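Hydrogens, waters and symmetry mates are skipped; everything else that's a heavy atom, side chains included, is used. Predicted, not measured: the structure shown is a model, and the values here were computed from it.
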Amino acid sequence: MGVGGNFWDALKPYARYEGFDFMRNKKVAVDLSLWIVQHETALKSSRVRNPHLRLTFLRTINLFSKFGAYPVFVVDGKPSHLKSKARIARYFRSSGIDPKDMPVVEEGISVDRNKFFVKCVEECVDLLKHLGMPFLRARGEAEALCAQLNIEGAVDACITSDSDAFLFGAKCVIKHVDPKSTGPFECYYVEDIEVGLGLGRKHLIAVSLLVGSDHNINGVQGIGMETALRFVKKYNEDEVLQRLSEIGSGPMFPSNANVGSPGKCTRNSDMLQKSKAPHCSFCGHPGNKSLHRRVPCEYCHSIAGVNCSKKPPKFKCVCSCCDRDRKEKELKKNEYFHLRVCNKISMECNFPCNEIIEIYLRNEDIAEYSAHLLWKEPDIEMLIDFLAYHLHWEPSYIRQQILPMFSTIFLREMALNPSELLLLEQYKFDSIQRLKMRYGHQFYVVIWRRFALSMSDANHSVPSEGYSITSASESEETQTDGTCNGWDELHVPQIHVDGESSFILTDENLELVQAAFPVEVDNFLQQKEVKESKRKVTRSKGTCIESPSPNSGSVQLAITDYYRSSKPLKQAKDNQNLAQSEGTGCLKEKRKASSPSLSKSFGSLIVNFFGESLVASVASIGGPLLLCHCV
């Protein structure tokens, strides 16, 4: 969606991958339509009831609680009739119908949006109302309003994969979110694109006119992204759209004509009059081979005793004549390139479309939208009824899923105005259990103790078996979880019971917990430091006990001295097989070489205990190693 011709591939080298806390405490505009379109993938991959609602619910909670952002959702308004072809083509592609069978859409006819899509949008809007999230209805395209909010500073970034956002003037676009990577946010900044590609906003609009977009899916026939980028760079940003209008409205250039005013590609007549001087076929410098035999070449005479040296492979002469010739060829090449593009543009009817340009350059007044940028607490009762009806979720499950949002709101309020308030009027901040690491990102595991025992236990899903918080993990040491919630998944809070007390464990941001409960965080860090120091002392003492005493007369043997490895035994057998093939004399030498050195007293003890015949038989099949195991 957006600019055609693999536009995102051209921008890929200038992407930034921001850290996990990039969106924390920032306002971001979300193009809700793209989220709803993505539910088709969920439909095909799994049998999920109303996947658009599930996806919107999970992503909204992740944006608000996990990433700490303040999302503003934007919904499309009345569609432009220019996008009718693109919407119909998109519908046929998703339906698996051959594009050749697509109906022809007449110009100027507005095709209403798909009724099923409109129904999904309205259901998501109702869900956002219950979640307390602000949403805005654009007059036209949602990405246009997102970009305008970004221009005016009402939001810090736009979350959309529609590249039209750059044409509408967006300053920062978040294209992709992957919480499981070290840089979860794939961001594009306009200043990076301007420096890297050397193109401004009007340049990008000109590129979209040439390669095609949702408003004109065909563009100019025969012009791709590389050609369009090279062509628009010839003009300044202020004149590029005007130049396209002049070329499109002018007559078609003949194939052998020089381009006049639009391209400014006339060649220098003085350069054409000068012919290239002869060059030596041996060294490649001005002159000829016979002349260089008599008179040293002025470029090669620096080598003593050599009049002319053989030129290396891929040699290029650096004389003024050759340099002028190369510049002339490059200029001629550019002339023909520009001429071909101009011919293709002039063959298009009604190019460029001024209506498309006006859509991209139109600025909306966001004053009326600013009053709606308010974030409220979720209406949990209405939310439970809504999700229970549409997704068939249990009320206890919904309360668990929504808890991260409530805990984030609670911690933010406590950071601003410390008080004796309770989370959900039932749970009190108890302590920090440990540090938790998920895909390189640290969180505090916060323990919330059930405080208001008079409340009904039906509000929470509590396990039947008892559980002790103090034994839930290995002290407060940083640990790594085996699983991690993704962009479309939630890490469900844990609910446990210890006797008559119940607890909730949630994962919270380090800075947010520090701001809300600084004393408790300091106590946790001090206790953690004390336990780590004790652990180090214990380990050091354990090392001293295991090491042999310097005053002792004996040396402590290693474990391999008590239980020998099977590897030497296998090697002894292999040596025995090899020796049998070589002869009896070699066999005795191999046995002698593979036998460990034993004291005479130990050998006599074995002979007296087992007898000479048994010792000889054992030695033939395993040697002293088997005897050691027998002892």
Side-chain angles (χ1 to χ4, degrees), residues 1-2 8 23 26-46 48-67 69-77 79 83 86-87 90-91 93-94 113-138 140-147 149-150 155 157-165 168 170 172-179 184-188 214 375 378 383 386-387 390-391 401-402 405 485-490:
M1 300 178 69
W8 281 115
M23 289 196 298
K26 291 182 180 179
K27 299 176 182 178
V28 292
V30 181
D31 187 354
L32 183 61
S33 299
L34 291 178
W35 281 13
I36 298 175
V37 169
Q38 291 176 359
H39 88 278
E40 296 179 0
T41 305
L43 264 177
K44 296 177 181 179
S45 60
S46 60
V48 179
R49 183 185 300 274
N50 291 324
H52 60 285
L53 291 176
R54 180 183 181 276
L55 182 142
T56 302
F57 174 75
L58 298 179
R59 287 190 176 183
T60 301
I61 294 180
N62 280 328
L63 271 180
F64 189 82
S65 59
K66 180 192 295 185
F67 301 125
Y70 290 89
V72 180
F73 295 89
V74 182
V75 181
D76 287 308
K83 296 189 68 174
R87 291 204 310 273
R90 193 176 301 121
Y91 171 77
R93 284 196 302 268
S94 63
R113 295 186 184 277
N114 183 281
K115 293 182 179 180
F116 177 73
F117 180 82
V118 174
K119 177 177 177 292
C120 292
V121 171
E122 295 305 319
E123 290 178 348
C124 289
V125 167
D126 292 339
L127 174 62
L128 294 173
K129 289 180 182 178
H130 300 323
L131 288 171
M133 296 292 107
F135 68 93
L136 307 174
R137 292 187 183 273
E141 304 297 327
E143 61 270 20
L145 181 55
C146 290
L149 292 171
N150 194 199
V155 297
C158 306
I159 299 180
T160 180
S161 57
D162 195 329
S163 55
D164 278 346
F168 287 113
C172 177
V173 174
I174 302 174
K175 178 179 181 288
H176 181 64
V177 180
D178 183 11
F185 303 107
E186 183 181 338
C187 303
Y188 295 84
D214 288 345
W375 290 264
L383 184 64
F386 181 85
L387 294 177
H390 288 281
L391 299 179
Q401 297 286 341
I402 198 66
M405 180 174 285
N485 53 319
W487 178 226
D488 302 331
E489 299 175 353
L490 285 179

Problem - Side chain to side chain, Asp162 and Leu34, heavy atoms closer than 4.5 Å - result: yes
Practice task
Tell me, please, which residues at least two apart from Tyr70 pass ring-ring contact (aromatic ring centres under 6.0 Å, His included).
Solution key: Trp375
Handout entry: Full working for side-chain contact (heavy atoms from CB on, under 4.5 Å) between Leu145 and Leu136
Key = CA-CA 9 Å; Leu145 181 55; Leu136 307 174; 4.0 Å; yes
Exercise for the section: Report the residues that fulfil side-chain contact (heavy atoms from CB on, under 4.5 Å) with Ala142, sequence neighbours left out, ordered by chain and then residue number. Expected result: Asp31, Val74, Asp76
Fill in the blank from the handout: Note: Ala165 and Ala147 closest approach over all heavy atoms is O-CB, 3.8 Å
Practice task
Search all heavy atoms of Ala170 against all heavy atoms of Val173 and return the closest pair with its distance.
Solution key: CB-CG2, 3.8 Å
Problem - Test log, rule side-chain contact (heavy atoms from CB on, under 4.5 Å), inputs Lys175 and Thr160 - result: CA-CA 5 Å; Lys175 178 179 181 288; Thr160 180; over 6 Å; no
Handout entry: Side-chain touch His176/Ser161, heavy atoms, less than 4.5 angstrom
Key = no
Handout entry: Within-4.5 Å side-chain heavy-atom neighbours: Leu32 and Thr56
Key = yes
Atom pairs and distances, side-chain donor-acceptor, residues 120-131, under 3.5 Å, sequence neighbours left out:
from	atom 1	to	atom 2	distance (Å)
Glu122	OE1	Arg137	NH2	3.0
Glu122	OE2	Arg137	NH1	3.3
Glu122	OE2	Arg137	NH2	3.3
Glu123	OE1	His52	NE2	2.7
Glu123	OE2	Lys119	NZ	2.7

Practice task
Could you tell me whether the side chain of Ile159 reaches within less than 4.5 Å of the side chain of Met23, counting heavy atoms only?
Solution key: yes
Practice task
Report yes if some heavy atom in the side chain of Phe57 is under 4.5 Å from a heavy atom in the side chain of Leu391; otherwise report no.
Solution key: no
Exercise for the section: Check for a donor-acceptor pair, side chain of Asn150 on one end and backbone N or O of Cys158 on the other, with a separation under 3.5 Å. Expected result: no
Exercise for the section: Determine the sole option in Trp35, Phe135, Phe64 for which the ring pair (Phe, Tyr, Trp, His ring centres under 6.0 Å) test with Phe73 is passed. Expected result: Trp35
Handout entry: Intermediate values then yes/no, side-chain contact (heavy atoms from CB on, under 4.5 Å), Cys172 and Tyr188
Key = CA-CA 6 Å; Cys172 177; Tyr188 295 84; over 6 Å; no
Handout entry: Criterion side-chain contact (heavy atoms from CB on, under 4.5 Å) on Phe386 and Leu53, from CA distance to verdict
Key = CA-CA 10 Å; Phe386 181 85; Leu53 291 176; 4.1 Å; yes
Handout entry: Note, Leu149 side chain near Val155 side chain (heavy atom, < 4.5 Å)
Key = yes
Exercise for the section: May I ask you to test the Pro179-Phe67 pair for a side-chain heavy-atom distance under 4.5 Å? Expected result: yes
Practice task
Please tell me if the side chains of Gln401 and Leu58 come closer than 4.5 Å, counting only heavy atoms from C-beta onward.
Solution key: yes
